[in-house]
Amino acid sequence: MSGVSPAAAAAVAGISESELATLEAAGTIPEKINLPELGKILGLHPQKLAALASGWLPSPKKLSGWRELRMFTTRSDELAVNCYLVWDSATRGAALFDTGLDARPILETIAAGGLVLKHIFITHSHWDHVEALPAIRAAFPNAQLHSGSPNVPVNQRNLPDKIVRLGELSISHRATPGHAVDGVTYLVSHWPQSAPAVAFVGDAIFAGSIGRGNQSWEVARQKVREEILSLPLETLICPGHGPMTTVAEEVESNPFF
Ligand SMILES: [Zn+2]
């Protein structure tokens, strides 16, 4: 990402190149490593990087504040991917954010709650986030699909230009490319009991990290800073992989910022 050679990175960190390779591959941290210096040369915040290496995690989130919000983590052999369902308790209308790998737990929750899926929002079109889309669409052919589409400029995509309402809830979007050219973050606000807004970010940002800059590392980092970390500090961040976090926790602890 930063264009620094492994030899240069290992040298400032005070470890061998093979130790650096093991760290990158397995997360094994050599005892004598100088993480703050490694962070500096890589463009990562030195103290935040060191804190992350000593086990920082976002606090566990109690979803009781957002009663109509569910997280689904579906797994394959190599990875685990999150998707999320929200609904309005009065109208029973629901919205799904990405589909994950398996439609079954989502469809079961929809059926058990007597919900009707009205909207499907896609954060980006990487396969692990849309694998179950055909099954979901077959079950709810009338659900409206919202996504950025690759090969089309950001300002011409088939995203709602207005706020989408789901009963009391309102859903807006902001472009967060960088990890994927069609990266979009959706923001759901006006929850009952004034629960904080929830941002569905796909792979733009993770707890303590960011998604790989497939399109551009620079754009990825800049969009997260401008479009996500500028949200109110209490905003709940729901990433495509790993635990939920908040804007406050990422501002304080994410070494990319
Ligand atoms: Zn992705």
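Counting convention: from 1, in listed order, for ligands and their atoms alike. Only heavy atoms go into these numbers, but all of them, side chains included; no hydrogens, no water, no symmetry mates.
By the 4.5 Å side-chain criterion applied to Ile, Leu, Val, Met, Phe, Trp and Tyr, Val81 is assigned to a cluster that also includes Leu79, Leu101, Trp127.
Aromatic rings from His179 and His124 are positioned such that their centres are separated by under 6.0 Å.
Taking Thr185 as the reference, Thr176 meet the side chain to side chain donor-acceptor pair (under 3.5 Å) condition, with sequence neighbours excluded. With sequence neighbours excluded, the residues satisfying side-chain contact (heavy atoms from CB on, under 4.5 Å) with Ser18 are Ser16.
Under the side chain to side chain donor-acceptor pair (under 3.5 Å) rule, Asp203 has a single partner from Arg212, His126, His129, which is His129.
Within 6.0 Å of the NE2 atom in His241, the count of heavy atoms belonging to other residues, nucleotides or ligands exceeds 12.
Protein atoms that are N, O or S and lie under 2.8 Å from the Zn ion (ligand 1) are these: His124 NE2, His126 ND1, His179 NE2, Asp203 OD2.
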